[in-house]
Amino acid sequence: VAALDGGGWRCVSGDLAVRYDPQPTADRRGAWMCGTDPAGRQGLWKLDLSGEKAPVFIAPDAGCILVSPDDSQAFVWKSEEGVYATSWGGGQRFAQIYGKTSGPPELVDLRTGERRATELATAGTLLWSPDGTSYVWKEAKGEAWFRWKLGAPKPETLPFPAEVRRQSWSPDGKKLAFVGDFDGGE
């Protein structure tokens, strides 16, 4: 991974073999990425984009990640096979699970390292809320969208049609906008 500043390009990932696109940290001074170091440690790493600090090993067995906007939690898949996870302008964090994966992701607390199993094994869409306290999920062939609040015993069913796409949270996390094909138009 290279960073560009007034001094030109410089490598900030050291000797890590990068396995997946980096995701920026909330403060934009670092990046989360999956990779393997020369000693064979494969997993989730945190990079310092200034290049002043060495990459920090966070969690093993990470092939693909989706980090919450507040950098407190991450969905971690053991392999990148069947998953596309990214972030884009405005801090949206999104994953599209499009095929057979290495199994359901674990939810990793990035402050403590605690790992929790999830039931998100099937193809679908996953989107973090802007504050990182909940996420929405829809199975590709499912009939409903769900919202899980972290720590809640079960998900809440959301009251909008299953055929929506291109979903995006409002900056305050109170509304979820989407596009859909209703009555022949979008």
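Throughout, residue positions are numbered sequentially from 1 according to the sequence presented.
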Enquirer: If we only count heavy atoms from C-beta on, is the Arg115 to Pro60 side-chain gap below 4.5 Å?
Expert: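 The answer is yes, as the side chains (C-beta and beyond) meet within the 4.5 Å cut-off.
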Enquirer: Restricting to side chain to side chain contact (heavy atoms under 4.5 Å, CB included), what partner residues turn up for Thr25, sequence neighbours left out?
Expert: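 Counting only residues at least two positions away or on another chain, Thr25 forms a side chain to side chain contact (heavy atoms under 4.5 Å, CB included) with Asp27, Trp32, Lys46, Asp71.
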Enquirer: Can you sort out the partners of Thr133 under side chain to side chain contact (heavy atoms under 4.5 Å, CB included), two or more places apart, ordered by chain and number?
Expert: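 For Thr133, the residues satisfying side chain to side chain contact (heavy atoms under 4.5 Å, CB included) (neighbours in sequence not counted) are Ser129, Asp131.
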Enquirer: Restricting to non-hydrogen atoms, name the atom on Asp15 and the atom on Pro38 that form the minimum distance, rounded to 0.1 Å.
Expert: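 In this case the closest contact between Asp15 and Pro38 is CB-CG, 3.5 Å.
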Enquirer: From the options Trp148, Trp169, Phe146, select the one residue that forms a side-chain contact (heavy atoms from CB on, under 4.5 Å) with Val136.
Expert: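 Checked Trp148, Trp169, Phe146 against Val136; only one passes side-chain contact (heavy atoms from CB on, under 4.5 Å): Trp169.
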Enquirer: Taking the side chain as every heavy atom from C-beta outward, state whether Tyr135 and Leu126 have any atom pair closer than 4.5 Å.
Expert: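 With C-beta onward as the side chain, the pair touches.
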Enquirer: Can you name the closest pair of heavy atoms from Ala26 and Pro69 and give their distance?
Expert: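 Shortest heavy-atom contact: CB-O, 3.2 Å.
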Enquirer: Do Leu107 and Glu114 come within less than 4.5 Å of each other through their side chains, counting heavy atoms only?
Expert: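 They are not in side-chain contact.
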Enquirer: Keeping the roles fixed (side chain from Ser68, backbone from Ser72), state whether a donor-acceptor pair exists under 3.5 Å.
Expert: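 Yes; judged by distance alone, with no hydrogens or angles, the pair exists.
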Enquirer: Any chance you could measure Leu127, atom CG, to Leu66, atom CG, to the nearest 0.5 Å?
Expert: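 Going from CG on Leu127 over to CG on Leu66, the span is 8.5 Å.
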Enquirer: If you compare all heavy atoms of Pro130 against all heavy atoms of Pro171, which two are closest, and at what distance to 0.1 Å?
Expert: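 Closest heavy-atom pair between Pro130 and Pro171: CB-O, 3.6 Å.
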Enquirer: Measuring from atom CD of Glu106 to atom CD of Gln73, what distance do you get when rounded to the nearest 0.5 angstrom?
Expert: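 Glu106 CD to Gln73 CD: 12.5 Å, rounded to 0.5 Å.
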Enquirer: If you count every heavy atom of other residues, nucleotides or ligands that lies below 6.0 Å from Arg29 atom CZ, does the total exceed 12?
Expert: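 Check fails, neighbour count at 12 or below.
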Enquirer: Return the CG to CH2 distance between Asp61 and Trp77, rounded to the nearest 0.5 Å.
Expert: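 Answer for the CG-CH2 pair, Asp61 versus Trp77, is 15.0 Å.
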Enquirer: Run the salt bridge (charged side-chain N to carboxylate O under 4.0 Å, His left out) test against Asp109 and tell me which residues pass, sequence neighbours left out.
Expert: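 Applying salt bridge (charged side-chain N to carboxylate O under 4.0 Å, His left out) to Asp109 gives Arg111.
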Enquirer: Restricting to salt bridge (charged side-chain N to carboxylate O under 4.0 Å, His left out), what partner residues turn up for Asp37, sequence neighbours left out?
Expert: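 Expected list: Arg41.
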Enquirer: Taking only residues two or more places apart in sequence or in another chain, which ones pass side chain to side chain contact (heavy atoms under 4.5 Å, CB included) with Lys149?
Expert: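 Ser134, Arg147, Ala152, Glu156.
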Enquirer: Do Leu16 and Trp45 make a side-chain contact, defined as non-hydrogen atoms from C-beta onward lying under 4.5 Å apart?
Expert: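 With C-beta onward as the side chain, the pair touches.
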Enquirer: Return the minimal non-hydrogen interatomic distance between Ala59 and Val108, and the atom names on each side.
Expert: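 What the structure gives for the nearest pair is CB-CG1, 4.5 Å.
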Enquirer: Run the side chain to side chain contact (heavy atoms under 4.5 Å, CB included) test against Ala62 and tell me which residues pass, sequence neighbours left out.
Expert: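 With sequence neighbours excluded, Ala62 shows a side chain to side chain contact (heavy atoms under 4.5 Å, CB included) to Cys34, Leu44, Ile65, Val76, given in chain and number order.
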